[in-house]
Novice: 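I have a structure I would like to understand better, so I am pasting it below and will then ask my questions one at a time.
Letters A, B, ... are given to chains in the order of the sequence lines, protein chains preceding strands, and every chain is numbered from 1.
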Amino acid sequence: TREQLQDTYNNVNRQFGILFPQLFGGGEARLILTGEEILDSGIQVMAQPPGKKNSTIHLLSGGEKALTAIALVFSLFQLNPAPFCMLDEVDAPLDDSNTERFCEMVKRMSAQTQFLFITHNKITMEMARQLVGVTMQEQGVSRVVEVDIEEALRMSDEAVPA
Amino acid sequence: TREQLQDTYNNVNRQFGILFPQLFGGGEARLILTGEEILDSGIQVMAQPPGKKNSTIHLLSGGEKALTAIALVFSLFQLNPAPFCMLDEVDAPLDDSNTERFCEMVKRMSAQTQFLFITHNKITMEMARQLVGVTMQEQGVSRVVEVDIEEALRMSDEAVPA
Amino acid sequence: MRLTKLKLAGFKTFVDPTSILTPGQLVGVVGPNGCGKSNVIDAVRWVLGESKATALRGESMQDVIFNGSGQRKPVGRASVELHFDNSQGRASGQWSQYAEIAVKRVLDRDGESSYYINNLHVRRRDVIDLFMGTGLGPRAYAIIEQGMISRIIEAKPEELRFFLEEAA
Amino acid sequence: MRLTKLKLAGFKTFVDPTSILTPGQLVGVVGPNGCGKSNVIDAVRWVLGESKATALRGESMQDVIFNGSGQRKPVGRASVELHFDNSQGRASGQWSQYAEIAVKRVLDRDGESSYYINNLHVRRRDVIDLFMGTGLGPRAYAIIEQGMISRIIEAKPEELRFFLEEAA
Ligand SMILES: Nc1ncnc2c1ncn2[C@@H]1O[C@H](COP(=O)(O)OP(=O)(O)OP(=O)(O)O)[C@@H](O)[C@H]1O
Ligand SMILES: Nc1ncnc2c1ncn2[C@@H]1O[C@H](COP(=O)(O)OP(=O)(O)OP(=O)(O)O)[C@@H](O)[C@H]1O
Ligand SMILES: [Mg+2]
Ligand SMILES: [Mg+2]
């Protein structure tokens, strides 16, 4: 219904405006409706990293785009926390300082939502309470082992046996 | 002309068959023509990482796809070395052992071709003979500085000033 | 409704019965390229009702069944089961009374998929309804596939609306 | 034809005249997110004749001209120049006699682009011909943009043919 969608839009937009500067260490972002009537209009993202001019998301860098998208997804989450969240290497384009802010935010949100995240990044591995290692000791067959951070780092070094 | 295209196809396919196992530490790959007549047929990639069954490239993992694409691009290079090659974070999806094999290959090819590569990965930074640091001490304005590997690693840590 | 366990058998590279326990709130999944990490995410989306083979990187739905490797022969069945802790009774409808909810999907090479909730045979629709509006459908915002994160904001304005409607 | 120097001014975030010297064969480019690394690649593709604004992440070609920042006003002109070492005389046609080749492109906010080779005003076509068949056109296989590597092999079979024709 119309009120529901309008409410959701307002809430997500407000959350997005809060989470974006937390992830970027400053700047601002918001959603924009492309039409008059909410029931049939599209949604555009405007994002302004700290110290830059407001730009359409196409001009943003690879890392800035990923971080902006993370802020948007987490805004949807705050509104309606799903039972769990699965992230597949979303930290790949991020530099170290953005990865650290991303991890801070995930840790805060984990009070309400369970996170399962796939990563090759040491900083992200360190925030995990539990590390699940997936290996292929037997070629083409996946097995799961419990690992600690040292073993996890070694796994990335371990080639899949040729 | 037809002979030229057939020659190029045969050469690239042969090179691809050589470079793929070097990058993956085994396995095999080849190109397949989708039509009878080379002048109007498309090209498909078949790739089989070590120990796996031959598959269409859609089933491959993120890292396997990137490494297969690198093998293909470098095959085109071997045939017709361009004056230089620019790579923008092609190592982002790779684990450490694949990154090391990628660097080995780039070093070998650098005897003939100049490489400029953007990376956040310490292993790839270490293969550079020269490191160009891009910073934004003044917000929104890029500056270039010469850096060594220690400074380069610190740069990734340095947030763009909020 | 926290996820407490995933059980896979015959699903992509998880040919042997495999259990992944997830007791905590922050679970990292690590390992070399091509070892099967993203296949775990595909398994979750499959159980939640994904019906398009291409969304699971296959050409037909049978591509999720273990297809053989250097030393192993293909198998004939894939099965994935998710276990949820529902001690707070937040699952919708008739399922709110159970302390644990187990959702399962099974596919044979020559047949259709079958779905189960707590070992009761259900329709696909029942699994979708169980998670309706929680952001956890097969393609909703709670599961971000590899390489997709930036495409979310590059999406056309109409597509972004879809995410919003899911959260409403 | 090794690249020895890049000179940028007013191009995207490189508002101040900037020179990047590239004496070696293995040049790494590093720095935090959003600092301008991919803008360097955009600058190279622009000089080589890229005519589609969207391929440079812009809406119109004027988007390559520095558009202002927190403290700085927008400027009116973008200019990028590439210097090549041609001591082996491998450049094609009339340019083979020069020991150094400098290719430049300049754009004003209210005008068209102009191209120069060794400070002689040329057409875009002349720049394209200079690099024809070397894999170095604005969109050929020698320059791999961010996030594009995997899309090369996911491309449709007809698109893969384009790469092959460029190498032929
Ligand atoms: N039905 C199947 N039977 C056997 N193997 C399969 C099947 N489907 C996919 N695979 C294999 O699974 C592998 C991909 O695994 P996956 O995408 O999970 O890797 P990953 O751990 O995510 O790696 P990366 O770190 O590179 O993203 C491929 O090598 C593919 O051949
Ligand atoms: N014409 C312009 N004027 C001013 N700034 C611009 C212009 N065009 C692009 N930008 C800015 O350039 C930045 C993007 O830079 P770039 O893509 O080179 O980053 P990067 O160093 O590659 O980062 P990453 O590591 O995240 O990929 C954006 O923040 C964008 O706002
Ligand atoms: Mg993966
Ligand atoms: Mg970039």
Side-chain angles (χ1 to χ4, degrees), chain A residues 4-5 8-9 12 34 42-45 57-58 62 65-66 68-70 72-73 76-77 79-80 82-90 93 106-107 110 114-120 124-125 127-136 138-144 147 152 155-156 158-160, chain C residues 1-3 12-16 18-20 22-41 44 68-72 84 90 131 133-136 140-154 156-158 160-161 163-168:
Chain A
Q4 220 180 336
L5 198 60
T8 306
Y9 173 79
V12 173
T34 54
I43 295 168
Q44 255 181 342
V45 175
I57 41 132
H58 300 296
K65 260 187 209 156
T68 303
I70 290 169
L72 184 60
V73 169
L76 290 164
F77 249 96
L79 204 72
N80 187 353
F84 62 86
C85 175
M86 291 183 105
L87 304 172
D88 195 345
E89 301 195 26
V90 297
V106 168
K107 277 187 267 185
S110 70
Q114 181 184 30
F115 284 88
L116 288 95
F117 46 89
I118 296 173
T119 184
H120 290 295
T124 310
M125 288 181 197
M127 86 162 151
R129 287 273 172 355
Q130 170 199 359
L131 279 171
V132 174
V134 184
T135 76
M136 260 192 184
E138 184 190 338
Q139 290 178 332
V141 172
S142 298
R143 242 180 245 310
V144 170
V147 289
M155 279 183 93
S156 180
E158 209 182 279
V160 181
Chain C
M1 278 252 286
R2 273 172 11 80
L3 186 71
K12 292 203 172 190
T13 48
F14 294 90
V15 55
D16 294 336
T18 309
S19 280
I20 304 174
T22 56
Q25 290 292 93
L26 289 166
V27 182
V29 178
V30 296
N33 287 140
C35 69
K37 300 184 297 295
S38 296
N39 289 344
V40 172
I41 287 205
V44 171
S69 70
Q71 281 80 22
R72 298 249 194 150
F84 293 94
R90 290 183 60 184
F131 294 107
T134 66
L136 202 54
Y141 56 82
I143 301 177
I144 308 292
E145 290 161 78
Q146 194 166 359
M148 282 306 157
I149 186 72
S150 298
R151 290 193 216 176
I152 288 174
I153 56 169
E154 288 173 353
K156 292 197 195 58
E158 310 71 56
L160 273 181
R161 222 196 123 71
F163 277 124
L164 207 77
E165 281 163 6
E166 175 71 21

Novice: Under 4.5 Å between any side-chain heavy atoms of A:His120 and C:Asn33, yes or no?
Specialist: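 In short, these two side chains touch, coming nearer than 4.5 Å.
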Novice: Pick one of side chain, backbone, both or neither for C:Ser38, based on which atoms fall under 4.5 Å of a heavy atom in chain A.
Specialist: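 It is both, since atoms from each part get that close.
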Novice: What part of C:Ile152 gets closer than 4.5 Å to chain A, counting heavy atoms only: side chain, backbone, both or neither?
Specialist: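 Side chain only.
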Novice: By a 4.5 Å heavy-atom criterion (distance strictly below it), what part of A:Ile43 contacts chain C: side chain, backbone, both, or neither?
Specialist: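 Both the backbone and the side chain of A:Ile43 come within 4.5 Å of chain C.
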Novice: Side-chain contact test, heavy atoms from C-beta onward, threshold under 4.5 Å: evaluate it for A:Leu116 versus C:Thr22 and give yes or no.
Specialist: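 Contact flag for A:Leu116/C:Thr22 side chains = yes.
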Novice: Taking C-beta and beyond as the side chain, do C:Gln25 and A:Arg129 meet within less than 4.5 Å on heavy atoms?
Specialist: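 In short, these two side chains do not touch, never coming nearer than 4.5 Å.
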Novice: Tell me every residue that passes ring pair (Phe, Tyr, Trp, His ring centres under 6.0 Å) with A:Phe115, counting only those two or more places apart in sequence or in another chain.
Specialist: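 Result, ring pair (Phe, Tyr, Trp, His ring centres under 6.0 Å) vs A:Phe115: A:Phe74.
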Novice: Measure distances from C:Glu154 to the heavy atoms of chain A and classify the residue's part below 4.5 Å as side chain, backbone, both or neither.
Specialist: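 Contact with chain A is through both the backbone and side chain of C:Glu154.
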Novice: If I measure from the heavy atoms of chain C, does A:Ile57 come under 4.5 Å with its side chain, its backbone, both, or neither?
Specialist: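 Side chain only.
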Novice: Measuring heavy-atom distances to chain C, does A:Ser110 have an atom under 4.5 Å in its side chain, in its backbone, in both, or in neither?
Specialist: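 Backbone plus side chain of A:Ser110, per the 4.5 Å heavy-atom cut-off to chain C.
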Novice: Heavy-atom distances under 4.5 Å only: say whether C:Arg72 touches chain A with side chain, backbone, both or neither.
Specialist: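 Only the side chain of C:Arg72 comes within 4.5 Å of chain A.
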Novice: Should C:Glu145 and C:Arg151 be marked as a side chain to side chain contact (heavy atoms under 4.5 Å, CB included) after you check the CA-CA gap, both sets of side-chain angles, and the distance that decides it?
Specialist: CA-CA 10 Å; C:Glu145 290 161 78; C:Arg151 290 193 216 176; over 6 Å; no
Novice: By a 4.5 Å heavy-atom criterion (distance strictly below it), what part of A:Val141 contacts chain C: side chain, backbone, both, or neither?
Specialist: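 Both backbone and side chain of A:Val141 come within 4.5 Å of chain C.
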